[in-house]
S.K.: 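Here's a structure for you.
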Amino acid sequence: MSEVGTEVKILVIDEQEVSAHAGQTILEVARENDIHIPTLCYLEGLSNVGACRLCLVEIKGSSKLTPACVTTVQEGMEVSTNSERLTRHRRTILELLFAERNHICSVCVANGHCELQSLGQELGLTHVRLPYRNPDLPVDASHERFTADHNRCILCTRCVRVCAEIEGAHVWDVMGRGVNCTIITDLHEEWGKSTCTRCGKCVQVCPTGALFDKSKIGSEHPKYPDFLPFLNMMREAQ
Amino acid sequence: MTIEELDQIAASARSEREKFEHEINVCHGTGCLSQHSDRVKESIAQALQALGKNAYVRRTGCMGLCAAGPLVLVDPEGSLYQHVNPSHAEKIAASLDDKPVEELQCNLREHFDQQVHIVLENSGRIDPERVEDYIASDGYRALLMALNDMTPQGVVRQITESGLRGRGGGGYPTGLKWGTVAKAKGDVKYVICNGDEGDPGAFMDRSVLESDPHRVLEGMAIAAYAVGASKGYIYVRAEYPLAVSRLTSCLRDARRHGLLGNNIGNTHFNFDVEIRLGAGAFVCGEETALIASIEGRRGTPRPRPPYPASSGLWGKPTLINNVETFANIAPIIRKGSRWFAGIGSARSKGTKVFALTGKITNTGLVEVPMGIKLREIIEVIGGGVPGGHKFKAVQTGGPSGGCLPESMLDIGVSYDALQSVGSIMGSGGMIVMDDTSCMVNVARFFMEFCMTESCGKCVPCRAGTAQMHTLLTRICTGAGTMDDLALIEDLCSTVKETSLCGLGQTAPNPVLSTLKYFRNEYIEHIVEKRCRAGVCNMEAAAEVLA
Amino acid sequence: MSKLKLATVWLDGCSGCHMSFLDMDERLLELAEVADLVYSPLVDAKEFPEEVDIALVEGAVASVDDEKKIKKIRDHSKTLVAMGDCAITGNVPSMRNSIGPEAILDRAYIENVSAQPQIPCIVVPKLLKVVRPIHQFVKVDVFLPGCPPSADTFYTAIKALVNGGPLDISALTRFGA
Amino acid sequence: MPVFTLPPLPSEDNRWKIVNGTMRKNGYARHALIEALHTVQSSFGCLDDDAIRFVAQSLRVPLSQAYGVATFYHYFTLKPPGKHTITICAGTACYIKGSDKLIAAAERKLGIKQGQTTADGEISLMIARCVGACSRAPVMLCDGELSGQMSAEQVQAQLERWAVE
């Protein structure tokens with residue numbers, strides 16, 4: 001969440017004039033005005049890492065693309081959230097994600113509730129041109145309530161952030177580098193033997209079927225990450 | 001320490017020297033040390049003693065012409081000896097007061113004549129670990145001048161007017177950066193020296209840190225005074241143990257002489273420096289990743305803004321410059337911004353140090369004025385391609401740079417010119433390739449580097465570099481198609497435009513530049529299944545398809 | 001006007017897409033008015049015809065035989081439609097990719113077999129090292145994702161193909177649908 | 001509130017005192033993590049779970065974060081190195097001068113891949129991403145000592161010297 005000031009800024013998003021408070025991000029203002037910008041690593045209530053690059057937008061006067069989730073609004077800014085160029089890049093990024101690990105929608109518990117899958121449909125992705133990488137990845141079912149299937153992880157680090165920032169346990173983190181990055185619990189130990197508090201927040205914020213509840217079967221696993229702003233609000237109130 | 005005291009140290013160091021009729025400088029740079037120049041020094045010292053010669057033997061930093069090492073320079077005669085081994089010691093000792101040793105003489109006038117040494121002015125001339133040597137070469141004078149006679153704003157102005165641009169690769173105007181940090185609000189500020197020279201094929205920073213470490217510390221201290229910082233970090237690769245040990249000893253000496261620490265130069269200015277070791281991550285050359293690493297975290301970059309100048313190390317305003325940039329500071333303060341701006345080209349001032357390597361006769365370190373033609377560096381200073389082979393390309397800027405063909409050799413070396421032809425200045429690696437190099441394979445080599453060095457945070461760089469590497473490997477093994485080539489070009493565009501940091505944004509450059517200048521080699525691999533350099537094994541396709 | 005020649009092909013898949021195709025039910029009659037089914041697991045033709053207007057291909061390319069077939073189909077078809085996730089992504093058949101064919105064959109024909117365990121090698125085509133979608137081998141004109149694509153998807157898509165009208169596939173279906 | 005106490009040293013081994021010294025010098029601040037890991041590696045040769053746990057707990061760094069750092073930096077190794085280590089540089093200058101042939105020769109001679117250690121624990125074969133001695137390319141480091149302008153034959157000869165020791 002960004003620190004919101006009282007000063008009011010006027011800017012243009014997709015040819016629509018909108019007002020915003022100083023300190024708000026482009027993404028926040030766009031959402032307030034029902035302008036849709038695709039995101040994956042962003043989640044309201046968590047810190048922003050700007051890692052998935054799907055929320056890149058064009059700003060008039062700059063040839064560079066700008067991540068909407070971490071860019072604060074400026075007076076008179078002219079933002080374009082949709083263009084042929086943006087769609088092309090967003091599709092390629094989704095292709096990269098689909099090809100990176102083993103995403104088999106038909107057998108996934110999140111089928112129909114998956115943010116990666118929905119974005120693929122939303123952006124008109126009907127196939128992946130890139131060669132699939134087919135990495136050999138483990139499934140950690142050691143936890144009594146949850147499973148981590150690394151084949152479906154997109155390394156958005158929402159689980160890492162929710163565990164560190166909201167639950168305060170910091171059980172999850174990322175190990176390795178580049179394509180070999182993996183989310184881990186503690187010293188790369190089994191989830192079931194880790195210092196996990198069993199709160200389940202990581203499962204709720206996971207955008208795909210990488211972290212899931214063992215009690216869910218078939219493709220009956222909707223996720224409910226909307227508790228985060230509420231938690232933050234209640235904490236501030238105390 | 002006052003200027004007078006500094007003068008005294010310099011004077012006594014000089015009079016100490018004058019007791020000797022000769023000085024024999026033995027290069028102790030990494031290249032020469034790997035050929036046991038330390039033993040050469042010992043043997044010469046013994047030989048001198050045996051012959052009763054009145055000469056001072058000094059270990060120095062890098063003399064530059066590594067190809068001819070171990071190097072020995074005899075002053076005041078100015079005789080430079082090459083390929084010296086301990087058995088030559090007696091001859092060299094005996095030659096003093098007589099004719100130089102003919103068979104050892106290195107007569108590469110054209111190699112040295114075209115160079116202008118600012119950053120390397122002391123390299124190979126002083127003992128890097130003797131602060132007295134540095135002081136005798138006007139060392140720390142600039143710092144005391146700045147502290148006593150200039151305001152911080154004045155220092156910033158002088159650096160701005162000199163036209164100095166960051167030598168780490170980006171070429172951001174140094175004075176502008178300093179001004180931003182100086183103006184940033186905050187009572188605690190930091191100065192960081194980026195010595196994480198991860199660019200393969202580059203060793204300028206290593207050489208400067210090993211040959212003249214005090215110069216870098218002085219530059220940092222001046223910067224700290226200018227921006228209002230009292231604490232500095234120097235981030236050095238753990239792979240450079242010699243640089244680390246020399247820096248450690250120099251830090252101790254500088255503190256002992258009151259040139260670091262509290263009340264430097266009897267003023268109210270306090271500044272001290274700590275060394276932080278890198279741990280093998282190219283991405284830590286990116287400033288926000290470097291900061292994360294100093295903070296003890298994974299070296300992953302974060303989106304900018306906020307820039308380190310306003311929110312850097314531990315959220316405080318932080319100035320980050322590269323080793324070579326800091327090494328330029330003291331001479332600019334001493335000799336003035338006009339002098340510096342008089343060297344170089346219109347928008348790139350001063351000199352640039354290049355690590356000249358690959359298929360070139362005179363491998364080593366060279367410092368040339370900006371604007372010099374690539375051809376001059378390669379053919380005159382570098383002595384051209386050896387072994388009767390034909391020049392094919394020169395690579396500048398490392399994994400972020402590009403490969404330039406023969407037809408581009410007449411451009412002048414400057415930030416803008418190199419960028420306009422699809423490469424970059426980079427930190428100063430300059431690798432020459434001849435007809436035995438396959439340009440597709442070279443592109444694949446760099447992509448492999450970027451893939452393994454990608455931090456993994458943002459999707460396009462993490463997965464995009466891996467995909468490009470797969471596709472390039474297909475082409476290098478005879479399994480590539482024209483569709484693959486189109487995909488590579490598509491990925492180049494996305495990775496370049498959407499990656500979070502400089503590593504990803506520039507990772508496609510070696511592919512784009514080889515596609516621009518050597519596209520026919522790609523086509524040959526795909527259509528004719530032929531590698532003209534004979535590097536690629538075109539029958540390996542089956543393995544890769546798996 | 002003569003009728004369009006339609007073919008359906010079954011590579012490495014579960015035939016679910018064909019089932020879903022048949023789920024068009026009475027709408028199949030509508031299709032039959034404009035097209036003849038000239039080759040399909042559902043009809044008797046043994047050889048892929050010289051010229052086909054629309055070929056719907058189910059399944060991924062998993063064996064040398066699949067590879068040969070898809071190349072032939074491409075050569076003899078005006079419009080090639082990748083039908084369902086196996087043809088488009090590799091889907092379930094591709095789940096063996098990180099394991100490799102040897103280990104899979106071992107498990108199926110040696111480890112879990114009590115009587116005469118042996119890996120079949122006569123008549124059975126050799127498996128490729130990895131299962132790949134068909135567009136990794138040949139040019140595909142239309143992609144209809146889904147596991148399987150619904151009968152409605154088939155109906156809308158084929159109608160558009162036959163009539164040459166606009167076709168917004170993402171409005172109809174998605175991976176795993 | 002429980003007061004934070006430092007964990008006990010993992011064993012009697014005096015090297016833990018050196019590690020602890022590095023952390024104490026840095027006031028047990030979290031940012032000393034990489035410095036502490038450097039000390040562990042220079043004292044013990046590698047970072048094992050016990051060491052990472054000890055350092056993490058001493059500095060109050062989450063375990064997963066410490067592990068993430070230890071695996072991010074390629075200079076750190078989690079596996080104990082062999083008695084001898086041969087490191088072949090695969091930087092650009094060395095690559096242009098044929099370091100791939102040196103690597104292949106070493107792999108052939110030792111029967112292992114880069115990054116591995118021979119089964120008898122004698123020799124580790126490592127690849128460096130440029131050691132900054134490009135003017136002497138191709139270069140190798142044998143137990144840290146640098147030699148330049150190497151040939152495949154010289155690499156094999158060095159390995160043979162170690163073998164007969």
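Below, read A as the first sequence line, B as the second, and so on, with proteins coming before strands; counting in each chain starts at 1.
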S.K.: Listed by chain and number, what are the side-chain contact (heavy atoms from CB on, under 4.5 Å) partners of Val107(A), not counting sequence neighbours?
M.R.: Ile104(A), Val92(C), Met95(C)
S.K.: Nearest heavy-atom pair of Ala466(B) and Val179(A): which atoms, and what distance?
M.R.: CB-CG1, 3.5 Å
S.K.: Would Leu130(A) and Leu491(B) count as a side-chain contact (heavy atoms from CB on, under 4.5 Å) here? Give the steps.
M.R.: CA-CA 10 Å; Leu130(A) 305 165; Leu491(B) 284 171; 3.7 Å; yes
S.K.: About how many Å separate CG of Leu96(A) and SG of Cys458(B), when rounded to the nearest 0.5 Å?
M.R.: 10.0 Å
S.K.: Which bit of Ile154(A) is near chain B, if near means a heavy-atom gap under 4.5 Å: side chain, backbone, both or neither?
M.R.: backbone
S.K.: Measure across Pro303(B) and Gly50(A) and return the closest heavy-atom pair with its distance rounded to 0.1 Å.
M.R.: CG-CA, 4.3 Å
S.K.: Can you name the closest pair of heavy atoms from Cys181(A) and Gly456(B) and give their distance?
M.R.: SG-CA, 3.9 Å
S.K.: Taking side chain as everything from C-beta outward and backbone as N, CA, C, O, which of these in Leu500(B) sits under 4.5 Å from a heavy atom of chain A? Side chain, backbone, both or neither.
M.R.: both
S.K.: Tell me which of these, Val70(A), Leu54(A), Ile93(A), has more heavy-atom pairs under 4.5 Å with chain B than the rest.
M.R.: Ile93(A)
S.K.: Below 3.5 Å only, please: all the donor-acceptor pairs between chain A and chain B, one per line.
M.R.:
unit_1	atom_1	unit_2	atom_2	d
Ala51(A)	O	Val459(B)	N	3.2
Arg53(A)	NE	Thr498(B)	O	2.6
Arg85(A)	NE	Glu497(B)	OE1	2.7
Arg85(A)	NH2	Glu497(B)	OE1	2.6
Arg88(A)	NH1	Ser493(B)	OG	3.3
His89(A)	ND1	Thr494(B)	OG1	2.9
His89(A)	NE2	Glu497(B)	OE1	3.3
Glu100(A)	OE1	Arg462(B)	NH2	2.9
Glu100(A)	OE2	Arg462(B)	NE	2.7
Arg129(A)	NH1	Asp490(B)	OD2	3.1
Arg129(A)	NH2	Asp490(B)	OD2	3.2
Pro131(A)	O	Gln467(B)	NE2	2.9
Ile154(A)	O	Arg462(B)	NH2	3.3
Val174(A)	O	Arg298(B)	NH1	2.9
Gly176(A)	O	Arg298(B)	NH1	3.1
Gly176(A)	O	Arg298(B)	NH2	2.8
Arg177(A)	NH1	Thr452(B)	O	3.2
Arg177(A)	NH1	Glu453(B)	OE1	2.7
Arg177(A)	NH2	Gly280(B)	O	2.6
Gly178(A)	N	Ser454(B)	O	2.9
Gly178(A)	N	Cys455(B)	O	3.3

